[in-house]
Amino acid sequence: MPDQTFAAVAVPGAGDTSLSAEDAKLVTLARSSRARVGAAEGAAVRDQDGRTYAAATVALPHLSVTALQLAVAQAAASGATRLEAAAVVTESTELEGAGHAAVRDLAAGAPIHVAGPSGTLTGTVQ
């Protein structure tokens, strides 16, 4: 399989910092996943049926998966065919490209909310 590289996406500033209850739950799940294992990032996604999947970054010597990639993989492996929304908790000011691309595989226009470690929304990538 050829190597694929994905460019990071700049996260626009959060003009409106309010989230729906469902999207706020995604941020909470992402924060919990990140904190539980002390990972660089945590992520959560919600599928077309309202089911949620949360994950943390995996960085092993022979396996590296971003939190968002893993959350999308869990959703796809559970039969999800579409995502409604996603959230990433990170210290970065950019959304990593591989996770962004994974979300877009199942949802062309789903919002990806990016929050800091405290859970404060820093922006949303559409």
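Reckoned from all heavy atoms, side chains included, excluding hydrogens, waters and symmetry mates. If you read the sequence from its start, that first residue is 1, and numbering goes on from there.
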Less than 4.5 Å apart, side chain to side chain, heavy atoms only: is that true for [X] and [Y]?
X: Leu68; Y: Glu96; answer: yes
X: Thr81; Y: Leu106; answer: no
X: Thr52; Y: Lys25; answer: yes
X: Leu29; Y: Val27; answer: no
X: Val45; Y: Leu26; answer: no
X: Arg104; Y: Ile112; answer: yes
X: Arg82; Y: Asp47; answer: no
X: Val72; Y: Leu83; answer: yes

Original post:
Would you find a donor on one side and an acceptor on the other, under 3.5 Å apart, between the side chain of Thr120 and the backbone of Gly116?
Top reply: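 Not at all, since once roles are kept as given, no pair shorter than 3.5 Å links the two residues.
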
**OP:** Answer yes or no: is there a donor N or O on one side and an acceptor on the other, between the side chain of Gln69 and the main chain of Thr66, under 3.5 Å?
**Re:**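 A pair under 3.5 Å: yes.
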
Identify the heavy atoms of [X] and [Y] that sit nearest to each other, and give their distance.
X: Val89; Y: Pro117; value: CG1-CA, 3.8 Å
X: Ser33; Y: Ala55; value: CB-O, 3.4 Å
X: Leu60; Y: Ser64; value: O-OG, 3.9 Å
X: Glu41; Y: Ala67; value: O-CB, 3.6 Å
X: Leu121; Y: Val114; value: CD1-O, 3.3 Å

**OP:** Using a strict 4.0 Å threshold on nitrogen-to-oxygen distance, state whether Arg34 and Glu91 make a salt bridge.
**Re:**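 Yes, this pair counts.
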
Original post:
What is the distance from atom CG of Leu19 to atom OG1 of Thr124, rounded to the nearest 0.5 Å?
Top reply: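 With rounding to 0.5 Å, CG (Leu19) is 6.5 Å from OG1 (Thr124).
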
Subject >> Interatomic spacing from CD in Glu84 to OG in Ser20 - rounded to 0.5 Å >> reply: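 Reported value, rounded in 0.5 Å steps: 9.5 Å.
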
Subject >> Residue pair Ser92 / Thr90, side-chain donor-acceptor N/O under 3.5 Å >> reply: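 Looking only at side-chain atoms, Thr90 and Ser92 do not form any donor-acceptor pair under 3.5 Å.
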
Original post:
Can you check side chain to side chain contact (heavy atoms under 4.5 Å, CB included) on Val65 and Thr57, steps first, answer last?
Top reply: CA-CA 6 Å; Val65 182; Thr57 304; over 6 Å; no

**OP:** May I have the step-by-step check of side chain to side chain contact (heavy atoms under 4.5 Å, CB included) for Glu22 and Arg46, ending in yes or no?
**Re:** CA-CA 9 Å; Glu22 293 86 6; Arg46 185 177 60 253; 3.4 Å; yes

